[in-house]
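To keep things clear, I will list the structure first and then write my remarks on it.
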Amino acid sequence: MSALHLSDTIAAVATAPGPGAISIVRLSGPDSLRIADRLVAPPGSSPSSHPTHSFFKANIADPLNPNLILDQAIILIFRAPHSYTGDDVVEFQIHGGPIQSRRLLHALLACGARPADPGEFTQRAFLNGKLDLVQAEGVADLIQAHSERASIMALDQINGSISHYIKDIYDNIMTASSYVENSIDFSEEDFPREIFEKSESLINQALGVLNDLLASWTQGRVIREGVLVVITGPPNVGKSTLLNTLLGFDRAIVTDIPGTTRDIIEEGLILDGFQIRLADTAGIRDTDCKIEKIGISQARLLLEKADVIIKMMDASQISLEDELALKSAINSEETLVFANKTDLASAPNLALLSIYSQQIIRGSLINGVGIDELKKAILALIKSKISAIHSFAISERHYSILNNAKNEILLALDKLPQKNTVDLVLISSHLRSALELIGTINGNVYSEQLLENIFSRFCVGK
Ligand SMILES: Nc1nc2c(ncn2[C@@H]2O[C@H](COP(=O)(O)OP(=O)(O)OP(=O)(O)O)[C@@H](O)[C@H]2O)c(=O)[nH]1
Ligand SMILES: [Mg+2]
């Protein structure tokens, strides 16, 4: 990406391709008004004669053949710095459809604009100080949001919910770090010992906010990517039947042959507004079958990533293994136990299950029994993971950077109470490293590579 060249004027279609009522083509950069002037056919007034935040109707013509009218347009003028990007921006609202927008885009390119890269308008907004990197990431999250909850969270992020905390952490560590650095040159006798207490208090404040942000990560992942719910258990207990029942259509093959499912079968599902990734897996057992073995090891790997595990058993054949699995499941925060096939279960087995009635959901999928109870339990588990404490939620990128920054801060904090002037250089270097890391979250510190990674996930025109 020729990312950092703010002197170019960039153009792109901002609306989704395909038929629609209106298409919007955007132009941003120092030559926007001059380029737009070349397209407006007389007797329309030229865009450069209009003040910022004004709009007017005009015919736009092919710059190489001014007699050829391309479309009628509403033209909007935003002069720097009062635009989304901070550049001079001209937006053309024209008739919808892919042909009209493509013709206008080609005309703009012929007049000297360059095609915009993905996310380049938002990247310019960042480079021009209109928003920080966390807010820019919120824009991408908003466009990609699959649920109402995800879009609310993204909008909060654009409005600065996370940026505010990152700035807090950054400012406190910066002040602590300057206290430490300013005292490095003092002699042992004149040394202002109170800087240790002052710095410690600032660093602890920063650490508290940082821990709060870290704690919001699970919630964010669950809302943005969906909750991973994995169905597991021995072969033939009805795992694939459960997947099909929850989805409402036959996605997985169901037979009475143990070992039917081998590959992981994952499907999306919305349950009470929560996006769920529901996965059916191979039944877990000792087997000599090469294919089944691969399926079982894939299932085990997926279980490690699961947010919710539905452990299924066959109520008509409760093995010692089932009982052991049950005991470990009871202690696990993410596991629900579903005893299926109660229609086939003997009286002693039903009696045994009733001992665990608080921990086990009993059902008979073939008769539609137990499904509502299971859905309720899944939702309760998801809600317990999404506490109301956090109105914001950091992303995976923020999480890993904050964790590294936390390590640096803890190393600095570890040296402080010793009130040893020898350690000042070391403390200062840990604090500097933390600052550099935190700076890459909001973009106080950035490289072209970092911007490329972030903005490449945007669409063209945003
Ligand atoms: N009687 C009875 N049979 C059921 C019930 N639920 C599922 N089955 C049957 O149990 C058999 C196995 O079901 P599956 O859903 O394929 O089981 P699975 O756990 O996915 O099996 P694998 O893929 O082999 O691990 C099928 O014949 C189902 O029709 C139930 O509630 N009662
Ligand atoms: Mg199956």
Side-chain angles (χ1 to χ4, degrees), residues 228-269 271 276-326 328-329 332 334-354 356-357 359-378:
L228 179 60
V229 178
V230 179
I231 308 170
T232 185
N236 222 33
V237 294
K239 299 182 296 300
S240 303
T241 309
L242 176 61
L243 175 96
N244 292 344
T245 309
L246 287 173
L247 291 178
F249 62 93
D250 284 346
R251 171 67 180 83
I253 298 172
V254 169
T255 74
D256 57 359
I257 305 164
T260 301
T261 308
R262 276 100 187 270
D263 281 321
I264 290 165
I265 302 176
E266 187 182 311
E267 279 290 331
L269 162 76
L271 206 58
I276 289 180
R277 295 161 51 207
L278 184 64
D280 177 24
T281 58
I284 300 207
R285 66 167 169 182
D286 285 331
T287 173
D288 291 329
C289 172
K290 196 173 162 187
I291 306 169
E292 211 182 332
K293 268 188 174 165
I294 297 172
I296 293 170
S297 75
Q298 285 181 345
R300 290 210 160 100
L301 283 176
L302 193 69
L303 281 171
E304 286 172 20
K305 297 189 205 147
D307 298 301
V308 174
I309 295 172
I310 304 176
K311 204 157 211 157
M312 280 185 79
M313 53 194 272
D314 182 340
S316 68
Q317 319 176 9
I318 302 173
S319 64
L320 187 64
E321 253 180 14
D322 281 332
E323 281 201 67
L324 289 174
L326 199 70
S328 77
S332 143
E334 63 264 346
T335 308
L336 297 170
V337 183
F338 185 71
N340 189 30
K341 305 198 188 182
T342 49
D343 54 298
L344 300 178
S346 64
N349 274 356
L350 288 175
L352 176 63
L353 288 176
S354 64
Y356 295 104
S357 64
Q359 287 86 18
I360 298 181
I361 299 157
R362 284 168 291 177
S364 163
L365 291 175
I366 233 165
N367 297 316
V369 177
I371 284 292
D372 285 343
E373 207 185 328
L374 182 64
K375 280 187 186 166
K376 275 190 197 138
I378 296 173

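Both counts, for ligands and for their atoms, begin at 1 and track the order of listing.
For a threshold of 3.5 Å applied to N or O pairs, the pair formed by Leu344 and ligand 1 contains no separation below that value. Polar contact with ligand 1: present for Lys239 (N/O pair, distance under 3.5 Å). Between Val254 and ligand 1, not a single N/O pair is under 3.5 Å apart. Residue Gly259 places at least one N or O, backbone or side chain, under 3.5 Å from an N or O of ligand 1. The shortest N or O to N or O distance between Asp280 and ligand 1 is not under 3.5 Å. Taking only nitrogen or oxygen atoms, main chain and side chain alike, Ile366 reaches within less than 3.5 Å of ligand 1.
The nearest protein atom to atom 8 (N) of ligand 1, hydrogens excluded, is given as Lys341 CE, 3.7 Å; this is a heavy-atom distance.
Closest heavy-atom approach to atom 2 (C) of ligand 1 within the set Asn340, Asp343, Leu365: this belongs to Asp343.
Within the 2.8 Å limit, Thr241 places no N, O or S atom next to the Mg ion (ligand 2). Not a single N, O or S atom of Asn236, from either the backbone or the side chain, sits less than 2.8 Å from the Mg ion (ligand 2).
The side chain to side chain contact (heavy atoms under 4.5 Å, CB included) test with Ile366 is passed by exactly one of Asp343, Asn340, Thr342: Asp343.
Closest non-hydrogen pair, Ile253 versus Thr255, comes out as CG2-CG2, 3.9 Å.
In summary, the atoms of ligand 1 found under 4.0 Å from a heavy atom of Thr255, numbered by their order in the structure, are 11 (C), 12 (C), 13 (O), 16 (O), 26 (C), 27 (O).
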